[in-house]
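Below you'll find the structure, written out as structure tokens, and then a few comments.
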Amino acid sequence: MLLAGAAILLVWLYGADSTRLIQLYIVGVFVSFTLSQIGMVRHWNRHLRTEREPAKRRHMIRSRAINAFGAFFTGLVLVVVLATKFTHGAWVALLGMVIFYGTMTAIRKHYDSVAAEIAAAEERPDEYVRPSRVRSLVLVSKLHKPTLRALAYAKLMHASELEALTVNVDPAETKALKEEWERRGINVPLKILDSPYREITRPVIEYVKSLRRESPRDAVSVYIPEYVVGHWYEHLLHNQSALRLKGRLLFTPGVMVTSVPYQLQSSEVARKRARKRQEWNAPGAVRRGPVEKGHKEPAGKNN
């Protein structure tokens, strides 16, 4: 899609004039030819350093000479094209190559730096010391099926401490939640955080950070119930608070975030639809069109 968009932009900028667009093509082609020939010369040089058999060395030397000859002439053509066509549009191709090269180099440096940062160090065994304990928090907005599933899953993990966490944005709803919590006899303590400005994310983040300050060697595990929906527009209506919380909690050291999914009916419909598409596109699948009027299937031996 990006290439198609770039091509559309170039066609529009150059008025679909092939005489003006050919400058970009010529530069790209001869840069590729020159670099590929130089690469082959380096390839043969590398193998010649270790090869000792005379017949193979003669073959490599001959191949290197051919590639060096090709690199010289394609490079010469490239210099001529750049000198004569630079102001006619060749500069656009050069600029694009520089941008792509810089972008790819930066991406490679990023991956290398990340790999070096996360590499397991043998001289620092203290980095892998187990936490002294795990404190689990289950985020609760209402007492419904997703919440009960998250509580059941958190209990299964056997953490050192487990508590439910809710934010008081509406006193009436919070009171009703507390009463239902006690009526059901849920044996998990319910922690209520005050929020004068009806915020949800900030009180939870501050509470988690306070736990980390009290016991830096403890790990905090946060369980977030989430709806699994089947339509794109439903994503706009659900899980927004959960996404904001996860985005903030992931930057907090010593905090693990677990999403506990609850599949709504629309997700089941979407799953069945995806499975049908998968079966339809599977190799060897039998595809039948509409049966014509009056047409009968041939009877088998057992019919």
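Hydrogens, waters and symmetry mates are skipped; everything else that's a heavy atom, side chains included, is used.
- Separating the CZ atom in Arg244 from the CD1 atom in Ile200 is a distance of 7.0 Å, to the nearest 0.5 Å.
- Residue pairs that meet the ring-ring contact (aromatic ring centres under 6.0 Å, His included) test with at least one member in residues 135-160, sequence neighbours left out, are Tyr153-Tyr223.
- Put simply, CG on Asn168 and CG on Leu193 are 9.0 Å apart, with the number rounded to the nearest 0.5 Å.
- In this structure, the separation between CD1 on Ile186 and CG on Leu143 is 4.5 Å, given to the nearest 0.5 Å.
- Listed by first then second residue, pairs satisfying salt bridge (charged side-chain N to carboxylate O under 4.0 Å, His left out) with a partner in residues 139-152 number zero, not counting sequence neighbours.
- Linking Ile, Leu, Val, Met, Phe, Trp and Tyr residues whenever their side-chain heavy atoms come within less than 4.5 Å leaves Leu211 and Met256 in two separate clusters.
- Of the possible donor and acceptor atoms, one in the side chain of Arg212 sits under 3.5 Å from a partner among the backbone N and O of Asp218.
- In this structure, Trp181 contributes its side chain and Val188 its backbone to a donor-acceptor pair below 3.5 Å.
- In this structure the side chain of Tyr262 never reaches within 4.5 angstrom of the side chain of Pro225, judged on heavy atoms.
- The cluster map of Ile, Leu, Val, Met, Phe, Trp and Tyr, joined by side-chain heavy atoms under 4.5 Å apart, puts Tyr101 and Ile99 in different clusters.
- When the side chain to side chain donor-acceptor pair (under 3.5 Å) test is applied to Arg202, the partners found at least two apart in sequence or on another chain are Glu199.
- Residues that satisfy the side chain to side chain contact (heavy atoms under 4.5 Å, CB included) test with Arg57, not counting sequence neighbours, are Leu48, Glu51, Arg52.
- Leu156 and Val140 fall within a single hydrophobic cluster, where Ile, Leu, Val, Met, Phe, Trp and Tyr side chains are chained together by heavy-atom contacts under 4.5 Å.
- Looking at Ser195, its side chain never comes within 3.5 Å of a backbone N or O of Val169 through a donor-acceptor pair.
- Evaluation of the salt bridge (Lys or Arg N to Asp or Glu O under 4.0 Å) rule for Lys155 yields no partner, not counting sequence neighbours.
- Here side-chain hydrogen bond (donor to acceptor under 3.5 Å, both in side chains) pairs that include residues 2-14, with residues two or more places apart or in two chains, number zero.
- Heavy atoms of other residues, nucleotides or ligands lying less than 6.0 angstrom from CG of Leu3 number 12 at most.
- When hydrophobic side chains of Ile, Leu, Val, Met, Phe, Trp and Tyr are connected at separations under 4.5 Å, Val134 ends up as a singleton with no cluster partners.
- Here Arg184 pairs with Glu180 under the salt bridge (Lys or Arg N to Asp or Glu O under 4.0 Å) rule; sequence neighbours left out.
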Would Leu82 and Leu94 count as a side-chain contact (heavy atoms from CB on, under 4.5 Å) if you check the C-alpha gap in whole Å, the side-chain angles of each, and the deciding distance to 0.1 Å?
CA-CA 9 Å; Leu82 289 176; Leu94 284 179; 3.6 Å; yes
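- Summarising the geometry of Ala150 relative to Val138, their closest heavy-atom pair is CB-CG1, 3.9 Å, with the distance given to 0.1 Å.
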Using the side-chain contact (heavy atoms from CB on, under 4.5 Å) rule, take Leu177 and Glu173 through it: C-alpha gap first, then chi angles, then the decisive distance, then the call.
CA-CA 6 Å; Leu177 172 63; Glu173 290 187 0; over 6 Å; no
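- In this structure the side chain of Gln263 reaches within 4.5 angstrom of the side chain of Pro261, judged on heavy atoms.
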Residues 69-81, side-chain donor-acceptor partners within the protein, below 3.5 Å, at least two apart:
from  : atom 1 : to    : atom 2 : distance (Å)
Thr74 : OG1    : Thr34 : OG1    : 3.3
Thr74 : OG1    : Gly70 : O      : 2.7
Thr74 : OG1    : Ala71 : O      : 3.3

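- Side-chain heavy atoms closer than 4.5 Å link hydrophobic residues (I, L, V, M, F, W, Y) into clusters, and following such links, even through other members, never connects Val98 to Val27.
- Taken to the nearest 0.5 Å, the CD1 atom of Ile38 stands 9.5 Å off from the CZ atom of Arg42.
- A search for salt bridge (Lys or Arg N to Asp or Glu O under 4.0 Å) contacts involving Arg108 returns Asp112, not counting sequence neighbours.
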Trace of the side-chain contact (heavy atoms from CB on, under 4.5 Å) decision for Ser259 with Lys246
CA-CA 9 Å; Ser259 296; Lys246 283 196 291 186; 3.2 Å; yes
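- Listed by chain and residue number, nothing satisfies the side chain to side chain contact (heavy atoms under 4.5 Å, CB included) test with Glu117 (two or more places apart in sequence, or in another chain).
- With rounding to the nearest 0.5 angstrom, the CG atom of Leu243 is 10.5 Å from the OG1 atom of Thr201.
- Both Val31 and Leu10 are part of a single hydrophobic cluster, where members link through side-chain heavy atoms under 4.5 Å apart.
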Show the atom names and distances, to 0.1 Å, of all donor-acceptor pairs under 3.5 Å that link a side chain in residues 203-210 to residues at least two apart or in another chain.
from   : atom 1 : to     : atom 2 : distance (Å)
Tyr207 : OH     : Glu163 : OE2    : 2.4
Ser210 : OG     : Tyr207 : O      : 2.5

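- Here Ser63 contributes atom OG and Met40 contributes atom CE; the two are 7.5 Å apart, rounded to the nearest 0.5 Å.
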